[in-house]
Each structure stands twice: as structure tokens, then as C-alpha cells.
Visitor: 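I have a structure I would like to understand better, so I am pasting it below and will then ask my questions one at a time.
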Amino acid sequence: MSDEQTQSVLRIRKRHPPGEHETPTVEDGARLIRAQSIRQAVMAALIVITVFTVLWSMLSSALDELFPWMTLLLGILVGLAVRRAGLGLDWRFPAIAAVFTLFGALIGNIVVAATFSARELGTSAFTVLGSMSSFTLPVFFDEVVTPADIIFGGFAAVIAAFYAKRKLSRRQFHALRVWENENGPD
């Protein structure tokens, strides 16, 4: 009898025969380390913050409603953008995502508040943003920023940090470990 006939019907078919895969080399791990880019992660975070702030402002203005929970969505988007663009493997990339998410939440709240203020004043949001000074920011924080905004911003930063780190395949993880054993951890 052949192997085909003796196998159990309930057994799951193997996708890859054992022992036929290549062992990762030190160069494979070094390639993963070289692929990291803090500059690209920062640029991706800034682009996401800019686009998200504009869309958040337009949505809030169109529906005449303030959405403080949108910062949570900002955290997810910044984290995914940092992961995709930065290809980070260490603590720097979650830190970048968290800091930029806090910055984006602050900027987003300022732009949304300027949009609502512009409508009340009968002018454009750009005029309101252009006339901001160091004297108007404390008034903004006293009147517009609520504890909910701070809580949502903090949670968004944690979410961004969670999503920012690169996910590795089993082979990539093994290659990184081979590289660390050869060169030592950073």
C-alpha cells in the first residue's frame, strides 16, 4: 500500500514538507535592520495627521457635531502608517507613533475648534488659525479642551504604539535572532 492510502481521513494535509526550508543567515537579519527608517516613519505620521485633521474638520463642520473619539481612529491610522513606512523593530517606532498621535490629537482639536469659531465669526478657518497667538492658546485650552479630549488622546497614543511595531514572519523572526546572536542586541 502507498502512503496516500494509509493516511487518516481526518489528518490535515501538510502544506510544506519538513526540512525543505532554508535556514536564515546573518545577512537576512541585517537586511531587516537596514530596512528600518525613522525618517519615513515620521513623514508617514505627519501625512496621516495632516489628512486626518482636514477630514475630521470637514466631517465635524458638515455634521455640526464634535467627535472627540476620532482621536482613537487617529491613533490606529498613525500606528499603521508608522508600521508600514518605518518597518521598525525596536522601541523607537512605538514611541514615535505615540508622540505624533498626541501631537496630532492636539492639532486636530485646534483645527476643529477653529472651524467652529470661523463659522460663528463669519470667516474662514484659515483666518482664525492665522490669527492665533500665544495669548489665545491658553484661552483655547481653558474653554475647548476637556478631560475627555485628554483621555482620548492618551488612549490613542497607546493604540498607536501598539500598532506601530513591525510584525515579522517566522522566518524573519528567526533571521533577526540569528543576527542578534552574531552581533549582539542594540
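We number each residue from 1, following the sequence as shown.
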Visitor: Tell me whether F162 shares a hydrophobic cluster with L87, the cluster being built from Ile, Leu, Val, Met, Phe, Trp, Tyr side chains joined at under 4.5 Å.
Guide: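 No.
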Visitor: Do the side chains of M132 and F135 join up, straight or via other hydrophobic residues, at under 4.5 Å, putting them in one cluster?
Guide: no
Visitor: Looking only at heavy atoms, which two atoms of A164 and P94 are closest? And how far apart?
Guide: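 Closest pair (atom of A164, atom of P94, distance): CB-CA, 3.7 Å.
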Visitor: Flag the pair R177 and E182 as a salt bridge only when some basic side-chain nitrogen lies within less than 4.0 angstrom of an acidic carboxylate oxygen.
Guide: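 No, this pair does not count.
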Visitor: When you measure from the side chain of Q36 to the backbone N and O of L89, does any donor-acceptor pair fall under 3.5 Å?
Guide: yes
Visitor: Any sub-3.5 Å donor-acceptor pair from R119's side-chain atoms to S61's backbone N or O?
Guide: yes
Visitor: Spell out, yes or no, whether V42 and L102 are grouped together once hydrophobic residues are joined by side-chain heavy atoms under 4.5 Å, including indirect joins.
Guide: no
Visitor: Do I159 and V99 belong to the same hydrophobic cluster, where Ile, Leu, Val, Met, Phe, Trp and Tyr are linked whenever their side-chain heavy atoms lie under 4.5 Å apart, directly or via other members?
Guide: no
Visitor: For A41 versus G86, what's the shortest heavy-atom pair and its separation?
Guide: CB-CA, 3.8 Å
Visitor: How does the hydrophobic cluster around L121 look, that is, which other residues are in it when side-chain heavy atoms under 4.5 Å mark a link?
Guide: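 Its cluster mates, by chain and number, are V128.
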Visitor: Do you know the tightest heavy-atom contact between A118 and A125?
Guide: CB-N, 3.5 Å
Visitor: Would the distance check show the side chain of N183 and the main-chain N or O of E180 forming a donor-acceptor pair, the cut-off being under 3.5 Å?
Guide: no
Visitor: Does anything in residues 83-127 form a ring pair (Phe, Tyr, Trp, His ring centres under 6.0 Å)? List the pairs, not counting sequence neighbours.
Guide: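 The answer is none; no pair qualifies.
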Visitor: For the residue pair I38 and I96, establish whether any side-chain heavy-atom pair is separated by less than 4.5 Å.
Guide: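 In short, these two side chains touch, coming nearer than 4.5 Å.
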Visitor: Are more than 12 heavy atoms, taken from residues, nucleotides or ligands other than R171, located less than 6.0 Å from that residue's CZ atom?
Guide: yes
Visitor: What salt bridge (charged side-chain N to carboxylate O under 4.0 Å, His left out) pairs are there with at least one residue in residues 148-170, not counting sequence neighbours?
Guide: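 Pairs touching residues 148-170 that pass the test: none.
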Visitor: Report, one line per pair, each donor and acceptor closer than 3.5 Å where one atom sits in a side chain of residues 51-60; sequence neighbours left out.
Guide:
{"unit_1": "T53", "atom_1": "OG1", "unit_2": "I49", "atom_2": "O", "d": "2.7"}
{"unit_1": "W56", "atom_1": "NE1", "unit_2": "F67", "atom_2": "O", "d": "3.3"}
{"unit_1": "S57", "atom_1": "OG", "unit_2": "T115", "atom_2": "OG1", "d": "2.6"}
{"unit_1": "S60", "atom_1": "OG", "unit_2": "W56", "atom_2": "O", "d": "3.0"}
{"unit_1": "S60", "atom_1": "OG", "unit_2": "E65", "atom_2": "O", "d": "3.4"}

Visitor: Which atom names give the shortest non-hydrogen contact between Y163 and L80, and what distance separates them?
Guide: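 Distance-wise, the nearest heavy atoms are CD2-CD2, 3.9 Å.
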Visitor: To the nearest 0.5 Å, what is the distance between CG (L32) and CD (Q172)?
Guide: 5.5 Å
Visitor: With hydrophobic residues grouped by side-chain heavy-atom distances under 4.5 Å, do L106 and L129 end up in a single group?
Guide: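 Yes, same cluster.
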Visitor: How close do G153 and A105 get, heavy atom to heavy atom, and via which atoms?
Guide: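 Minimum heavy-atom separation between G153 and A105: CA-CB, 4.4 Å.
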Visitor: Other residues, nucleotides and ligands only: do more than 12 of their heavy atoms fall within 6.0 Å of CE on M43?
Guide: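 Counting neighbours around CE of M43, 12 or fewer heavy atoms of other residues, nucleotides or ligands fall under 6.0 Å, so no.
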Visitor: Output yes when a side-chain donor or acceptor of T101 lies under 3.5 Å from a complementary backbone atom of A97, and no otherwise.
Guide: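 Present.
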Visitor: Show every donor-acceptor pair shorter than 3.5 Å between a side-chain atom in residues 72-79 and any protein atom, with sequence neighbours excluded, or say none if there are none.
Guide:
none

Visitor: Would you compute the distance between atom CG of D28 and atom OG1 of T23 and round it to the nearest 0.5 angstrom?
Guide: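 Going from CG on D28 over to OG1 on T23, the span is 10.0 Å.
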Visitor: For S37, check side chain to side chain contact (heavy atoms under 4.5 Å, CB included) against everything at least two apart and list the hits.
Guide: R39, Q40
Visitor: From I33 CD1 over to L176 CG, what is the distance, rounded to the nearest 0.5 angstrom?
Guide: 5.0 Å
Visitor: Please report the closest heavy-atom contact between P24 and H174, naming both atoms and the distance.
Guide: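 The answer is CD-ND1, 3.3 Å.
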Visitor: With rounding to the nearest 0.5 angstrom, report the CD1 to OG1 distance, I151 to T146.
Guide: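 If I round to the nearest 0.5 Å, the distance is 8.5 Å.
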